[in-house]
Amino acid sequence: MRGILLSEAMAQRHAALLARLRDPGASDGDPVEAVLIPEGESGVLPEAELASIRAAFISTDVVADQRLERRGFGTARRAPNLQWLHIGFAGTDTPIFRELMERGVTVTNSSGAAAEPIAQSAIA
């Protein structure tokens, strides 16, 4: 099983897609399972769950909550098999991104995703 680290809000929003990815027939026999950013008292996932994480998405709802942001990035940092981190905003210049890239993790962002509506608003 491959895991993707997400916030609970993103997992709920994309429940239909995640259900399809859980189907071994639709994922080349290697299903993808949502791993939620821990919000409980300990804030730490078990080692087996951490090891399953191959991708992580730090969405804007995560960075809007400082505690959730710390737990999201902390979990991504501790995931030994993380291969890809996508962030739902533009900047990738903080130390955590550099640390992950030095580890071989591909870090991508959503730079330019809102460029057209912002330009239209500015012109209006």
Side-chain angles (χ1 to χ4, degrees):
M1 178 200 63
R2 295 173 290 173
I4 180 168
L5 183 67
L6 299 167
S7 69
E8 185 173 346
M10 284 293 110
Q12 289 175 0
R13 183 175 299 154
H14 300 289
L17 172 62
L18 289 168
R20 287 196 309 271
L21 292 173
R22 274 193 299 274
D23 176 11
S27 56
D28 299 327
D30 194 7
V32 176
E33 187 70 41
V35 177
L36 300 182
I37 296 171
E39 295 187 45
E41 284 299 313
S42 74
V44 178
L45 294 175
E47 292 299 318
E49 245 182 316
L50 279 172
S52 77
I53 297 171
R54 300 292 187 277
F57 176 46
I58 304 297
S59 50
T60 54
D61 65 301
V62 173
V63 296
D65 178 338
Q66 193 173 37
R67 182 175 167 167
L68 192 57
E69 179 181 25
R70 278 194 314 272
R71 288 192 176 178
F73 283 120
T75 302
R77 175 181 273 148
R78 286 188 300 281
N81 299 312
L82 183 67
Q83 297 170 344
W84 177 34
L85 171 73
H86 183 79
I87 54 174
F89 46 92
T92 57
D93 53 352
T94 60
I96 181 72
F97 303 125
R98 190 176 358 255
E99 174 188 326
L100 291 171
M101 286 186 277
E102 287 172 358
R103 228 177 75 186
V105 175
T106 299
V107 177
T108 58
N109 64 25
S110 295
S111 181
E116 187 175 333
I118 290 172
Q120 291 171 350
S121 296
I123 289 171

*Asks:* Closest approach of D61 and A9, non-hydrogen atoms and distance?
*Replies:*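 Heavy atoms of D61 and A9 come nearest at OD2-CB, 3.4 Å.
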*Asks:* What distance separates I37 CD1 from S59 OG, expressed to the nearest 0.5 Å?
*Replies:*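 Between atom CD1 of I37 and atom OG of S59 there are 6.5 Å.
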*Asks:* Might you work through the side chain to side chain contact (heavy atoms under 4.5 Å, CB included) test for N81 and I53, ending with a clear yes or no?
*Replies:* CA-CA 6 Å; N81 299 312; I53 297 171; over 6 Å; no
*Asks:* What pairs with H86 under side-chain contact (heavy atoms from CB on, under 4.5 Å), at least two apart in sequence or on another chain?
*Replies:*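 So H86 forms a side-chain contact (heavy atoms from CB on, under 4.5 Å) with F57, W84, T108, S110.
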*Asks:* Among V35, T75, V44, L36, which one satisfies side-chain contact (heavy atoms from CB on, under 4.5 Å) with E49?
*Replies:*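 Option passing the side-chain contact (heavy atoms from CB on, under 4.5 Å) with E49: V35.
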*Asks:* Would you find a donor on one side and an acceptor on the other, under 3.5 Å apart, between the side chain of R78 and the backbone of G74?
*Replies:*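 Yes: the side chain of R78 pairs with the backbone of G74.
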*Asks:* Answer yes or no: is there a side-chain heavy-atom contact under 4.5 Å between N109 and F97?
*Replies:*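 Counting from C-beta outward, N109 and F97 never come under 4.5 Å.
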*Asks:* How would you list, by chain and number, every residue that makes a side-chain hydrogen bond (donor to acceptor under 3.5 Å, both in side chains) with E99, sequence neighbours excluded?
*Replies:*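 For E99, the residues satisfying side-chain hydrogen bond (donor to acceptor under 3.5 Å, both in side chains) (neighbours in sequence not counted) are R77.
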*Asks:* Roughly how far, to the nearest 0.5 Å, is CG of L45 from CG of L5?
*Replies:*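 Answer for the CG-CG pair, L5 versus L45, is 7.0 Å.
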*Asks:* What distance do E33 atom CD and L21 atom CG have between them, rounded to the nearest 0.5 Å?
*Replies:*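 CG of L21 is found 10.0 Å from CD of E33.
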*Asks:* Rounded to the nearest 0.5 Å, what separates atom CG in L6 from atom CD1 in I58?
*Replies:*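 It comes to 9.0 Å.
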*Asks:* Rounded to the nearest 0.5 Å, how far apart are CD of E8 and CZ of R13?
*Replies:*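 Those atoms lie 12.5 Å apart.
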*Asks:* Report the residue from R22, R54, R2 that forms a salt bridge (Lys or Arg N to Asp or Glu O under 4.0 Å) with D30.
*Replies:*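 So, applying the salt bridge (Lys or Arg N to Asp or Glu O under 4.0 Å) to D30 and each of R22, R54, R2, only R2 qualifies.
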*Asks:* When you compare the side chain of V62 with that of M10, does any pair of heavy atoms fall below 4.5 Å?
*Replies:*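 No - every pair of side-chain heavy atoms lies 4.5 Å or more apart.
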*Asks:* Would you give the length of the straight line joining atom CZ of F73 to atom CD1 of I87, rounded to the nearest 0.5 angstrom?
*Replies:*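 If we round to the nearest 0.5 Å, F73:CZ and I87:CD1 are 6.0 Å apart.
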*Asks:* Give me each pair satisfying ring pair (Phe, Tyr, Trp, His ring centres under 6.0 Å) with a member in residues 1-25, each pair once, sequence neighbours excluded.
*Replies:*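 Every candidate ring pair (Phe, Tyr, Trp, His ring centres under 6.0 Å) pair involving residues 1-25 fails, so no pair, neighbours aside, qualifies.
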